[in-house]
*Asks:* 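I have a structure I would like to understand better, so I am pasting it below and will then ask my questions one at a time.
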Amino acid sequence: MSIRVLRALLFLLGQSLAINALAEEDFPSELIKRGELTYAINCSRCHGARLTNPGANTFDLRRFPSDERERFFSSVMKGKGSMPPWGDLLKDEQVQALWAYIRTESRKEQ
């Protein structure tokens, strides 16, 4: 194997590890608690208590891909499918807290 190929493979491996580290970010406990409260007030009646999906037509947030943060933010703020937009009701900080809560709870399921 040539040095160039080896370097390219090592570079790609490093990039992959960096992306995984970001996807598995540790969130401050205060942010997670705020997300849990926001979730309980605004999301739980459709997505279930503590992310336990009640079935029906709602997305199981425990399975939301960890590398699709922007998709999550867009879905929450603009709505998607039968989910209404929350952009007029939630601030960016609240959606960030929701993301922290959902990612943390999802990891517990794995």
Side-chain angles (χ1 to χ4, degrees):
M1 184 178 317
S2 76
I3 294 292
R4 282 187 175 169
V5 172
L6 185 56
R7 284 182 181 165
L9 288 173
L10 288 173
F11 174 78
L12 291 174
L13 177 63
Q15 293 298 313
S16 176
L17 292 173
I19 290 169
N20 287 337
L22 287 174
E24 297 302 324
E25 180 179 355
D26 288 323
F27 299 101
S29 61
E30 183 56 37
L31 185 64
I32 296 166
K33 289 177 188 174
R34 285 195 319 252
E36 182 177 16
L37 180 60
T38 300
Y39 180 88
I41 293 169
N42 299 291
C43 311
S44 64
R45 70 185 149 247
C46 294
H47 290 281
R50 302 193 62 80
L51 305 182
T52 304
N53 191 338
N57 297 323
T58 59
F59 188 84
D60 187 343
L61 294 172
R62 295 172 294 178
R63 291 175 174 66
F64 202 96
S66 62
D67 62 344
E68 295 193 22
R69 180 183 175 276
E70 293 306 317
R71 180 178 143 215
F72 174 81
F73 273 68
S74 178
S75 297
V76 172
M77 298 302 269
K78 298 176 184 174
K80 181 167 174 122
S82 61
M83 185 173 126
W86 290 88
D88 291 339
L89 300 169
L90 296 178
K91 297 177 181 173
D92 284 344
E93 298 82 26
Q94 290 173 295
V95 181
Q96 290 175 20
L98 275 173
W99 178 252
Y101 170 67
I102 290 167
R103 293 307 319 140
T104 301
E105 288 297 307
S106 295
R107 280 185 239 151
K108 291 178 184 176
E109 293 289 320
Q110 297 172 354

*Asks:* Is there a side-chain contact between Phe27 and Tyr101, using heavy atoms and a 4.5 Å cut-off?
*Replies:*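 Phe27 does not reach Tyr101 side chain to side chain.
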*Asks:* Can you confirm whether Ser66 sits close enough to Arg103 that some side-chain heavy atom of one is under 4.5 Å from a side-chain heavy atom of the other?
*Replies:*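 A side-chain contact under 4.5 Å exists here.
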*Asks:* For a 4.5 angstrom cut-off between non-hydrogen side-chain atoms, does Cys43 reach Thr38?
*Replies:*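 A side-chain contact is absent here, since even the closest heavy-atom pair is not under 4.5 Å.
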*Asks:* Roughly how far, to the nearest 0.5 Å, is CG of Leu31 from CG of Asp26?
*Replies:*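 It is 12.0 Å, given to the nearest 0.5 Å.
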*Asks:* Can you tell me how far apart CD1 (Ile41) and CG (Leu90) are? Round to the nearest 0.5 Å.
*Replies:*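 One gets 10.0 Å once the value is rounded to the nearest 0.5 Å.
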*Asks:* A side-chain contact here means heavy atoms from C-beta on lying under 4.5 Å apart; do Thr58 and Met83 qualify?
*Replies:*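 The answer is no, as the side chains (C-beta and beyond) never meet within the 4.5 Å cut-off.
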*Asks:* Nearest 0.5 Å, please: how far is CD in Glu36 from CG in Leu98?
*Replies:*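 One gets 11.0 Å once the value is rounded to the nearest 0.5 Å.
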*Asks:* Do the side chain of Thr104 and the main chain of Ala100 share a donor and acceptor less than 3.5 angstrom apart?
*Replies:*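 Yes, Thr104 side chain to Ala100 backbone: donor-acceptor pair under 3.5 Å.
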*Asks:* To the nearest 0.5 Å, what is the distance between CE on Met77 and CG on Asp92?
*Replies:*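 These two atoms lie 4.5 Å from each other.
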*Asks:* Does a side-chain heavy-atom distance below 4.5 Å link Leu89 with Gln94?
*Replies:*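 No; the side chains remain at least 4.5 Å from each other.
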*Asks:* Is there a side-chain contact between Leu51 and Tyr39 in this structure, where contact means two heavy atoms from C-beta onward sitting under 4.5 Å apart?
*Replies:*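 Yes, their side chains come closer than 4.5 Å.
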*Asks:* Going by heavy atoms in the side chains, are Val95 and Phe72 under 4.5 Å from each other?
*Replies:*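 With C-beta onward as the side chain, the pair touches.
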*Asks:* With rounding to the nearest 0.5 angstrom, report the OG to CG distance, Ser44 to Leu61.
*Replies:*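 Taking OG in Ser44 and CG in Leu61, the distance rounds to 11.0 Å.
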*Asks:* Using a 4.5 Å cut-off on heavy atoms from C-beta on, say whether the side chain of Lys80 contacts that of Phe59.
*Replies:*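 With C-beta onward as the side chain, the pair stays apart.
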*Asks:* Are Arg69 and Phe73 in a cation-pi contact, defined as NZ or CZ under 6.0 Å from the six-membered ring centre and within 45° of the axis?
*Replies:*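 Pair Arg69/Phe73 counts as cation-pi.
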*Asks:* Less than 4.0 angstrom from a charged side-chain N to a carboxylate O is my criterion; do Glu105 and Arg50 meet it?
*Replies:*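 A salt bridge links Glu105 with Arg50.
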